[in-house]
Amino acid sequence: MPAVAAAAAAAAAEPPRVQKWDNGLTLIHDFISPEQEAAIISAFHEDHRPSSLAATTAAAATEAASKKRLSQHFGFHFDYTTFGASETVFTPLPGYMDDILARLPVRGDGLPDQFTVQYYPPGAGIPPHVDTHSLFGEALYSLSLGSAVPIKFRRCGARDARRMRLPKRSLAASKPNEKEERETSTTTSPLPTTAPEASDAGDDAEDAAGDEMELFLPPRSLLLMMGPARYGYTHGIRARKTDVVAGRTVARTGRYSITMRSVKRGAGIGCACDFPGVCDARIAEEEEEEAARASKDKSLS
Ligand SMILES: O=C(O)CCC(=O)C(=O)O
Ligand SMILES: [Fe+2]
């Protein structure tokens, strides 16, 4: 084959380097090199060695064999009381982040300063959730390493909106126990899974009619969530040990991701997105107005 034709054939066989969808998702393939990927994974395991992943002790073997996500935080740590980031607890970034930060596609004020590295053993996932609107900037990133997994995006519907308005104790009830919470700490507020079944029936049909997309996240790819995909869709990864890829069942090995967010502070806190139904900032406003109305009614009666 002539060289030009061979190059063209090779190019045609390659997946596009950057894929974009109308809902605000962008997937950049091969954002990091295999060498960078290996260095990040070994740094993660170095840090976890005392507690687990060296698998040299019985406790470590148990933890490594469990299906729980493990995580590390860099930059401002996640605060589980606000679902935002700590004002004070800050871990300096590992050196491998320099090159990644320098090449992130969304520049300006919104460069990430809150980072969560997560390890998903085979069989682990993350429940569908919407990352907190009010406390993190629009651009959310997830860098994938290790095993490819499908992430599912589903446009939020009435059921999601109702779940987000459930009293906080329902949210707490759906949270893992304290130990697990520490280990699986994500920087998100998972949607509670305790909404009453009976009254959900109508919403199920409504939600099912909405957009849904499943996207394979190949190792070394960078996913950017903006706009509707960031504010008006849940995202989640099903907890299972195998996936069906092009008709074949493929076993998951371990997957890692680095989620990157920019923390909003002071007057920057809040949200004016187009999805008030699932916007924590709007829900808080509604609740404040409701409480003010209730206390006014009480004082009048
Ligand atoms: O692991 C991922 O790619 C996504 C993680 C995520 O959604 C989160 O931590 O909020
Ligand atoms: Fe998330």
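If you're wondering where the values come from, they're calculated on a predicted model, not measured in any experiment. Just so you know, ligand 1 is whichever comes first in the structure, and atom 1 is the first atom listed for that ligand.
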Atom indices of ligand 1, in the order listed, that fall short of 4.0 Å to a heavy atom of Ser142: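 Those of ligand 1 that fall under 4.0 Å from Ser142 are 2 (C), 3 (O).
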
Atoms in ligand 1 with a heavy atom of Ser257 nearer than 4.0 Å: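 Result: 1 (O), 2 (C), 3 (O).
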
Heteroatom distance test (Tyr120, ligand 1): nitrogen or oxygen, under 3.5 angstrom: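 Yes, since at least one N or O of Tyr120 sits under 3.5 Å from an N or O of ligand 1.
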
Salt bridge (charged side-chain N to carboxylate O under 4.0 Å, His left out) between Arg230 and Asp131, intermediate numbers included: CA-CA 8 Å; Arg230 153 73 169 109; Asp131 284 45; 5.7 Å; no

Which residues share a side chain to side chain contact (heavy atoms under 4.5 Å, CB included) with Gln36, sequence neighbours left out: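 Only Ile32, Ser33, Asp99, Arg103 meet the side chain to side chain contact (heavy atoms under 4.5 Å, CB included) criterion with Gln36.
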
Residues forming a side chain to side chain contact (heavy atoms under 4.5 Å, CB included) with Leu111, sequence neighbours excluded: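 Partners of Leu111 by the side chain to side chain contact (heavy atoms under 4.5 Å, CB included) criterion, ordered by chain and then number, come out as Leu104, Arg107.
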
Proximity of Asp131 to ligand 1 by residue part, where a heavy atom lies under 4.0 Å: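 It is the side chain that touches ligand 1; the backbone stays farther off.
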
Ligand 1 contact on Thr116 by region, counting heavy-atom pairs under 4.0 Å: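 The answer is neither; Thr116 stays 4.0 Å or more away.
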
Salt bridge present between Lys152 and Glu212 (N-O < 4.0 angstrom):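 So Lys152 pairs with Glu212 through a salt bridge.
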
Residues Arg17, Asp30: salt bridge by 4.0 Å N-O rule: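 Result for this pair is no, no salt bridge flagged.
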
Minimum-distance N/O/S atom that His129 presents toward the Fe ion (ligand 2):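 Of all N, O or S atoms belonging to His129, NE2 is the one nearest the Fe ion (ligand 2).
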
Of all N/O/S atoms in Asp131, the name of the one nearest the Fe ion (ligand 2):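 Going through the N, O and S atoms of Asp131 one by one, OD1 ends up nearest to the Fe ion (ligand 2).
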
Aromatic plane relationship, Tyr119 with Tyr256 - under 30° parallel, 30 to 60° tilted, over 60° perpendicular: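 Ring orientation of Tyr256 relative to Tyr119: tilted.
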
Selected option - heavy-atom contact closest to atom 2 (C) of ligand 1, from Arg69, Arg255, His129, Met225: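 Going through Arg69, Arg255, His129, Met225 one by one, Arg255 has the nearest heavy atom to atom 2 (C) of ligand 1.
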
